[in-house]
There are 2 protein chains.
Amino acid sequence: MKLTRISEIRRLELRQVAYEVLQTEGMAGATVEKVAQRAGASKGIVHHYFKSKQQLFEHAMRHSNALLRDEVIRRMRLARTPEQRLWAIIDGNFSADFFTRPMCHAWLSLCAEVPREPQLARIQRVVHARMRSNLLTALRSLVGEEQREHVALGITSLIDGLWLQMGLRSQGLSAADALGQMADYLSHRIPNVAWSQYLQRPGSAA
Amino acid sequence: MKLTRISEIRRLELRQVAYEVLQTEGMAGATVEKVAQRAGASKGIVHHYFKSKQQLFEHAMRHSNALLRDEVIRRMRLARTPEQRLWAIIDGNFSADFFTRPMCHAWLSLCAEVPREPQLARIQRVVHARMRSNLLTALRSLVGEEQREHVALGITSLIDGLWLQMGLRSQGLSAADALGQMADYLSHRIPNVAWSQYLQRPGSAA
DNA sequence: ACGAAAATTGGCCAACCAGCCAATTCTTGA
DNA sequence: TCAAGAATTGGCTGGTTGGCCAATTTTCGT
């Protein structure tokens with residue numbers, strides 16, 4: 001019995017490679033041939049698994065999204081209180097493994113295409129909806145109902161803004177800097193929770 | 001005597017048109033021919049004024065940057081107090097004329113190229129330095145010296161994050177929403193200033 | 001072992017594009 | 001008016017890319 005068909009393996013490999021190429025080449029410079037070459041395969045095989053370049057990078061976006069989602073889920077499992085759940089979301093978005101300049105460049109390249117690629121826009125909507133839902137749930141006991149949406153938008157915007165800083169600043173930004181900003185925001189916006197405690201043990205939410 | 005040579009007029013027109021094309025086509029889809037066509041000119045004339053496509057869009061970035069800078073300067077002139085100066089910077093970044101989806105799309109396209117185009121990175125550095133300088137000056141009497149850089153980074157990130165939301169959200173974001181978020185941030189981070197007063201008269205800092 | 005199906009190759013093609021340039025039109029100063 | 005120079009045209013070219021496909025190799029069930 002075959003659990004994983006070769007086709008599934010190839011699909012996963014290629015979308016991973018496509019995402020890597022995106023990190024260094026950007027959307028315009030990322031050609032099907034470069035993806036094939038980096039994967040050690042021929043150009044034809046890429047088109048065998050993805051009917052178009054567009055679809056290939058659509059799956060690359062799903063890939064990066066899955067990485068981020070898993071980081072958040074892992075931290076969510078360990079969280080026991082609403083504060084911990086909220087911090088799990090934030091900390092997951094600045095996981096040291098993913099909050100890097102190359103990752104940010106790939107993310108930016110994809111974001112820039114969203115307005116013109118309905119499929120990417122669809123993925124973006126799903127990502128956004130999940131983030132909003134997670135935040136609203138965690139905020140339920142922390143913020144009054146009439147302010148929850150507002151605070152959720154503020155947190156989302158600050159996260160995205162810090163990612164942008166990582167990509168655009170000359171010397172980048174450390175995950176600790178970003179988490180410091182988030183803790184600072186939360187300390188002022190949602191007092192009576194000692195948010196700074198989460199900065200002591202970086203990478204952990206429990 | 002001729003104040004404005006035709007060459008200068010053309011350069012201004014073309015960089016403006018290049019920026020408009022960027023709004024709808026993105027960086028990959030923005031060809032020299034499309035810019036020429038939209039400008040009602042031939043492809044050759046574009047290369048006559050800009051030695052390369054790269055240089056053309058470098059000037060397009062300067063163009064968009066100049067628009068934003070002027071908006072901030074205009075509000076700065078009317079500001080009399082540090083709070084007003086700080087709000088002038090923020091309000092200028094969400095001027096109703098520029099805080100639109102097409103503008104955001106062009107901005108995103110340029111941001112996504114920054115990592116691979118040293119010239120764009122150079123412009124980006126200048127923009128960032130000016131923003132930082134403006135913010136630190138305005139914050140001098142509002143925030144303790146040891147926290148100024150931190151708050152300046154927070155404000156910058158939140159502004160960029162809200163721009164990103166404008167570009168990525170399905171239904172966009174109004175300038176009022178964005179300014180509401182900024183006022184909310186300032187109210188909690190820099191209390192004892194009635195930031196909400198600035199929301200009464202949208203578009204004005206005085 | 002064998003044959004069908006899956007996987008893979010490498011090259012072809014049509015489309016597109018940036019850069020270039022010779023020829024033409026327009027502007028301007030004397 | 002009339003050159004001289006600036007402005008502009010439009011087509012050419014070399015190079016690249018995405019999509020396609022016929023041919024070949026590999027895998028796998030029987």
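In what follows, every chain begins at residue 1, and chains take the letters A, B, ... in the order their sequences are listed.
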### Query
Are the side chain of Trp195(B) and the backbone N or O of Met182(B) linked by a donor-acceptor pair below 3.5 Å?
no
### Query
Can you find a heavy atom in the side chain of Leu86(A) that is under 4.5 Å from one in the side chain of Leu186(A)?
yes
### Query
How close or far is atom C1' of dG18(D) from atom CG of Leu56(A), stated in whole angstroms?
12 Å
### Query
Looking at Leu135(B), Asn93(B), Leu164(B), which one forms a side chain to side chain contact (heavy atoms under 4.5 Å, CB included) with Ile159(B)?
Asn93(B)
#### Entry: Student check: side-chain heavy atoms of Trp107(B) and Leu110(B) closer than 4.5 Å
no
### Query
Do the side-chain N or O atoms of Arg10(B) get closer than 4.0 angstrom to the phosphate oxygens (OP1, OP2) of dT8(D)?
yes
#### Entry: Whole-Å distance separating the CZ atom of Phe50(A) from the P atom of dT8(C)
13 Å
### Task
Please state how far atom CD in Glu33(B) lies from atom P in dG11(D), giving the value in whole angstrom units.
10 Å
### Message
Going by side chain to side chain contact (heavy atoms under 4.5 Å, CB included), Ser157(A) matches just one of Leu153(A), Asp160(A), Ile155(A). Which one?
### Response
Leu153(A)
### Strand-adjacent residues in residues 38-47 of chain A, judged by heavy atoms under 4.0 Å from DNA chain C
Ala41(A), Ser42(A), Lys43(A), Gly44(A), Ile45(A)
### Query
Between dA18(C), dG19(D), dT8(D), which nucleotide has the shortest distance from any of its atoms to the side chain of Val32(B)?
dA18(C)
### Query
Nearest-Å distance, NZ (Lys53(A)) to P (dG19(D))?
8 Å
### Message
On DNA chain D, does the nearest nucleotide to Lys51(A) precede the nearest nucleotide to Lys34(A) from the 5' side, or the other way round? Give the residue.
### Response
Lys34(A)
### Task
Starting at atom CD of Gln55(A), determine the distance to atom C1' of dG18(D), rounded to an integer number of angstrom.
14 Å
### Message
Side chains of Met166(B) and Leu162(B), heavy atoms from C-beta outward: is any pair under 4.5 Å?
### Response
no
### Message
Is the ring pair Trp163(B)/Phe94(B) parallel, tilted or perpendicular, if the boundaries are 30 and 60 degrees?
### Response
parallel
### Query
Rounded to whole angstrom units, what separation is found between the CG atom of Leu14(B) and the P atom of dA7(D)?
12 Å
#### Entry: Between P of dT9(C) and CD of Gln37(A), the distance in whole Å
13 Å
#### Entry: Interatomic distance, Glu25(B) CD vs dA18(C) P [rounded to whole Å]
12 Å
